[in-house]
Structure formats: C-alpha cells, structure tokens
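Quick note: numbers below take in every heavy atom, side chains included, and nothing from hydrogens, waters or symmetry partners. All values reported here derive from a predicted model rather than from experimental measurement. Atoms within a ligand are numbered from 1 in the order they appear, just like the ligands themselves.
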Amino acid sequence: MASTPPPRTFHVKSFGCQMNVYDGERMAELLTAQGMTAADERGDADLVVLNTCHIREKATEKVYSDIGRLRRDDGTSPLIAVAGCVAQAEGEEIMVRAPSVKVVVGPQAYHRLPEMVAQAAAGTRSTETDMPAEAKFAALPRRRKSGPSAFLTVQEGCDKFCTYCVVPYTRGAEISRPFADLVDEAQALVEGGAREITLLGQNVNAWAGEDARGRKVGLAELAEELAKFPELARIRYTTSHPADMTDALIEAHGSNPKLMPFLHLPVQSGNDRVLKAMNRSHTADSYLRLLERVRAVRPDIAISGDFIVGFPGETEAEFGDTLRIIDAVGYALAFSFKYSPRPGTPAATMGGHVPAEVMDERLQRLQAALNRDQLAFNHRSVGRRCSVLVERRGKREGQWLGKSPWLQSVHFIGEAAVGDLVTVDLIEAGPNSLAGTLVSA
Ligand code: 5AD
Ligand code: SF4
C-alpha cells in the first residue's frame with residue numbers, strides 16, 4: 001500500500017446505540033488531541049470513521065454500501081476506518097472485501113485509533129479487535145467541552161447472553177469502570193458545560209464498584225455521589241436489566257431528586273415460554289411486580305421498553321401476551337423490532353421461523369398499541385408544571401426545544417439559552433412532543 005500524507009481532517013459517523021454515540025465522541029476527542037480537526041461533510045474529510053452497529057439485520061451490508069458511497073468523483077476515497085461492533089464481528093472479512101478500508105478497530109481498542117491511522121497513512125493496514133478490559137479508558141484524553149446533556153459510559157459488555165443478542169460477543173464480558181474514574185469524568189463533563197449526565201452501559205444497573213472508603217457500591221450510590229456536583233441538575237441511566245434492579249436503585253428514585261423519573265426497562269416479550277427461550281431471567285409477572293415497586297416509590301415515573309416480535313416459535317397467542325403486558329404497563333416510550341437472527345447466537349439455530357408477513361403484521365399491531373400509550377402518557381402530562389433542559393433552538397422564531405424530566409421533547413417560545421433549566425407549563429400534547437409556556441427562566 002502506498003503512503004499518503006497524514007490526514008488533517010476527520011469525520012466520525014456513529015450508528016446504533018447511545019454507547020456508540022459516546023464512543024464516537026471519544027474517538028473525535030482522541031483525534032482532536034492529535035491536532036486533527038473535525039470536518040462537517042464527510043465527503044471532505046481526509047479520514048472517515050464508520051462507527052458501526054451489529055445488533056440487527058443488514059448491518060454489514062450497510063457498512064459496505066457506506067464504504068462505496070465514500071468514493072469521490074475522481075475515484076479516490078478518504079482514509080476509511082471501520083470501528084464499532086461490525087468491526088469486532090466481521091473485521092477480517094471487511095479487510096479482505098473492502099480494500100479502501102485501512103483500519104479496523106473494535107469497541108474495546110479504539111484508543112489505538114491515532115496510531116493505526118498514522119500507520120495506514122504510512123502504508124500499513126491494520127486490524128485490532130482484542131478485548132483488553134479497561135485499557136481503553138485510561139488511554140483517552142480528559143473530557144473538555146460538553147453540550148448540556150452528556151453521556152458517560154460506566155459499564156460495558158454483557159454476561160446475560162439473551163439467546164437472540166450479539167452484544168456479549170461483540171462487546172465482551174461485563175466490566176465496570178472504577179468509581180473514582182467516573183466521578184472524575186463526570187466532573188470534567190460538568191466543568192465543560194453538562195447539566196445532565198446519562199450513565200450508559202449495556203447492563204448499566206449491573207455496575208458495581210468501590211467508593212473512596214472502600215465500600216462496595218452500586219449505581220444508586222454512584223448517582224448519589226454525582227448529585228453532589230451543584231451544577232449537575234439531572235442524572236439518567238440506560239439500559240437496565242430487570243434482574244439487576246436492586247432495592248437501593250429503586251429507593252434512589254424516591255430519595256435522589258436529581259435522578260430523573262424515567263426508567264428504560266426492556267421486557268422483550270410478555271410470554272413466559274418465549275422469555276425462557278430468550279434466556280431472560282424474568283417472567284411477565286415478576287416484571288410487573290418490579291414495576292409496581294418502582295411506582296410505589298416514584299408514582300410519576302415514565303416507563304420505557306424494548307420489544308421483539310417474531311422470536312423463533314412465537315405463536316399468535318404468545319404474541320397476544322405481549323400486547324397484554326403493554327396494556328398493563330402503559331409505556332411512555334418504547335422501541336420495537338422484528339426478530340433478526342444474529343450469526344453465532346443460540347436463537348439463530350432455533351426452529352420455528354416466523355414468516356416475514358406475520359412479523360410485519362405483529363409489529364404493526366404492537367406499534368399501534370405503543371403509539372396509543374405514548375400519546376396517552378403525553379396527554380396525561382398536560383397541566384403539569386415541570387423543568388425543561390434547553391437543548392437547541394426550534395424552527396420558529398423565538399422557539400426552543402428541550403426535554404422534560406420524563407424525557408419528552410418540549411417546545412416553547414420565550415427568552416432562553418441552550419443549557420438553561422427553565423420552568424414550563426405543559427399545555428398541549430402530540431405523539432412525539434409537547435408544547436409548553438415559559439414560567440420563569
Ligand atoms: N433481533 C431483534 N431485536 C434485537 N434486539 C437485540 N437483538 C435483537 C435481534 N437479534 C433488540 C432488543 C434489545 C434492543 C437493543 O435491540 O429489544 O433490547
Ligand atoms: Fe443483549 Fe440481553 Fe445483554 Fe441486553 S441483556 S445486551 S439484550 S444479551
């Protein structure tokens with residue numbers, strides 16, 4: 001491979017979950033620390049990092065078509081690095097099939113990106129998909145500027161092995177970052193302008209650490225410690241597993257005023273046979289009882305979920321149980337997917353394939369129920385007075401957009417600035433947002 005001048009501009013494009021968004025930000029910071037600058041249009045950048053997602057179908061094809069689209073009119077391409085979970089799972093094949101890709105780097109190794117990019121510019125392609133626990137974070141630069149709402153990865157990987165899911169293979173075993181490192185990173189984010197921090201992890205509520213006094217602590221205590229930063233107004237966390245919803249974390253929703261009244265707690269299915277085949281450790285009933293306990297502590301909490309339709313062998317009656325649990329919970333927000341066989345996962349070789357048209361039809365009914373409940377939740381919010389964290393300007397003159405404590409998008413007109421926490425009366429609800437009037441800045 002011929003050498004090229006070292007890249008001076010870069011663009012990081014992230015797909016998939018919030019953890020990828022976080023990783024994308026950290027890669028951008030890493031490249032900036034090397035003296036490179038971010039380019040807005042990825043066609044102009046000398047280096048393009050595709051930070052990929054492998055959770056569902058067509059992930060790999062999408063990466064190849066993105067690589068193809070990066071080819072410029074004169075036939076040249078920027079230096080392309082493929083990062084994220086597709087890199088982890090299919091990196092070697094990408095190297096063979098896509099000669100324009102010069103760097104393949106997995107989610108646990110991206111601290112090595114600058115060095116690999118330099119090698120690529122000098123003519124050597126390289127792949128790094130090792131999973132050394134924790135080496136990455138120590139090698140990343142300190143966080144500096146932040147928007148009002150920031151992500152902080154506290155935990156990575158997953159030991160749950162739900163039978164449909166590729167994450168335990170692409171992200172590796174569960175690791176928790178140390179308490180002190182997280183407090184330090186949160187402080188840097190707050191100093192950089194963050195007013196809200198969302199703690200991230202594939203299994204965020206499995207986070208475990210030791211505080212300064214050597215006490216064993218969990219997410220509740222971490223949130224309590226972060227709540228001590230006066231400028232930090234809001235703390236969120238995602239994604240949680242029902243099995244790791246501890247008493248302490250439930251109670252924190254009653255005692256920590258900065259912990260927002262929102263819980264993303266995927267159930268996946270409402271049928272116990274399907275849940276067992278998925279290797280989820282809860283039943284429909286144990287999930288509902290768990291939510292009762294959360295709501296006893298924080299009655300206004302917004303519940304959010306993930307659903308899969310058409311898991312191998314799912315019958316119409318079993319799907320009906322999923323509709324029933326949706327009715328019982330009343331989700332404020334939800335994400336729903338058609339089952340997609342992931343290579344190497346146990347479910348991929350299970351019998352009982354559900355035909356595509358059946359999956360489509362079930363997904364439609366599921367989403368109709370979820371949309372109905374989301375709208376109902378928004379309608380119930382009308383008349384409430386709440387805080388809104390202002391995130392950006394709206395399309396209309398003098399309009400601002402932000403989030404309510406329940407993670408709803410709220411727009412209002414008046415004097416404000418990005419990063420302000422304002423008080424708003426919610427006056428009108430739509431399916432995806434609410435209108436409010438400004439009470440005070
Ligand atoms: N097929 C469909 N949906 C999946 N999810 C994870 N793996 C699959 C799969 N193989 C969904 C789950 C999970 C969310 C992040 O993605 O609902 O909670
Ligand atoms: Fe995947 Fe299950 Fe782990 Fe979530 S808990 S990341 S769905 S294996």
Side-chain angles (χ1 to χ4, degrees), residues 14-23 52-60 62 84-86 88-90 107-108 131 153-176 198 200-207 219 237-245 263-271 274-282 287 290 303-314 319 322 325-326 329 331 333-350 352-354 356 358-360 362-363 366-367 370:
S14 290
F15 303 89
C17 68
Q18 289 155 322
M19 296 193 66
N20 258 12
V21 175
Y22 174 89
D23 290 343
T52 60
C53 169
H54 202 229
I55 196 88
R56 282 173 297 274
E57 225 155 12
K58 306 214 175 84
T60 320
K62 211 159 90 197
C85 292
V86 176
Q88 187 68 35
E90 316 212 17
Q108 302 307 345
M131 291 198 182
T153 292
V154 303
Q155 179 280 334
E156 283 195 286
C158 180
D159 297 338
K160 299 287 188 294
F161 290 93
C162 299
T163 55
Y164 51 80
C165 185
V166 77
V167 165
Y169 311 95
T170 55
R171 291 265 173 177
E174 275 178 24
I175 64 130
S176 289
T198 302
L200 296 181
Q202 257 93 30
N203 256 294
V204 71
N205 58 341
W207 181 84
L219 204 61
Y237 60 98
T238 197
T239 290
S240 297
H241 192 289
D244 296 313
M245 215 53 219
L263 175 61
H264 182 60
L265 196 68
V267 70
Q268 313 296 355
S269 163
N271 176 268
V274 174
L275 287 169
K276 194 147 190 275
M278 287 176 164
N279 195 31
R280 300 287 296 181
S281 54
H282 56 87
Y287 178 86
L290 180 56
I303 304 297
S304 154
D306 288 347
F307 297 88
I308 296 176
V309 301
F311 185 80
E314 185 190 68
F319 171 67
T322 302
I325 205 166
I326 287 172
V329 172
Y331 286 92
L333 185 68
F335 305 90
S336 48
F337 314 99
K338 290 188 271 190
Y339 169 70
S340 156
R342 304 285 70 213
T345 60
T349 52
M350 286 179 189
H353 169 79
V354 176
V358 176
M359 275 207 227
D360 285 335
R362 285 183 192 163
L363 188 67
L366 186 89
Q367 292 185 338
L370 293 168

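Protein heavy atom closest to atom 4 (C) of ligand 1, with residue, atom name and distance, is Ile308 CD1, 3.7 Å. Considering only non-hydrogen protein atoms, atom 2 (C) of ligand 1 sits nearest to Lys338 O, 3.3 Å. Ranking the protein heavy atoms by distance from atom 10 (N) of ligand 1 puts Ser340 O, 2.8 Å first. Nearest protein neighbour of atom 12 (C) of ligand 1, counting heavy atoms only, is Gln268 OE1, 3.4 Å. In terms of protein heavy-atom proximity, atom 15 (C) of ligand 1 is nearest to Asp306 OD2, 3.7 Å.
Contact check for Lys160 versus Asp244: side-chain heavy atoms found under the 4.5 Å cut-off. At a threshold of 4.5 Å between non-hydrogen side-chain atoms, the residues Cys162 and Arg280 count as touching. Residues His264 and Asp306 are in side-chain contact: their nearest non-hydrogen atoms beyond the backbone lie under 4.5 Å apart.
Taking all atoms of both residues into account, the shortest heavy-atom contact from Pro266 to Ser240 is CD-O, 3.3 Å. Shown here for Thr170 and Cys85, the closest heavy-atom pair between the two residues is OG1-SG, 3.5 Å. When every heavy atom of Cys165 is checked against every heavy atom of Thr345, the shortest pair comes out as O-CG2, 3.4 Å. The two residues Tyr22 and Thr153 come nearest to each other via the heavy atoms CD2-OG1, 3.0 Å.
Applying the 4.0 Å criterion to heavy atoms of Tyr339 picks out, from ligand 1, the atoms 1 (N), 2 (C). Atoms of ligand 2 lying under 4.0 Å from any heavy atom of Tyr164, numbered from 1 in the order shown and given with element: 7 (S).
Partner Arg171 forms a side-chain contact (heavy atoms from CB on, under 4.5 Å) with one of Met131, Gln202, His54 and no other, that one being Gln202. Applying ring pair (Phe, Tyr, Trp, His ring centres under 6.0 Å) to Phe307 and the options Tyr164, Phe319, Tyr331, Phe337 leaves one that passes, Tyr331.
When non-hydrogen atoms are compared, ligand 1 lies under 4.0 Å from the backbone of Tyr164 as well as from its side chain. With a heavy-atom cut-off of 4.0 Å, Arg56 touches ligand 1 through its side chain alone.
Ring orientation note: the planes of His282 and Tyr287 are tilted relative to one another, at an angle of 30° to 60°.
At a cut-off of 2.8 Å, measuring from atom 3 (Fe) of ligand 2, the protein N, O or S atoms that fall short of it are Cys158 SG, waters left aside.
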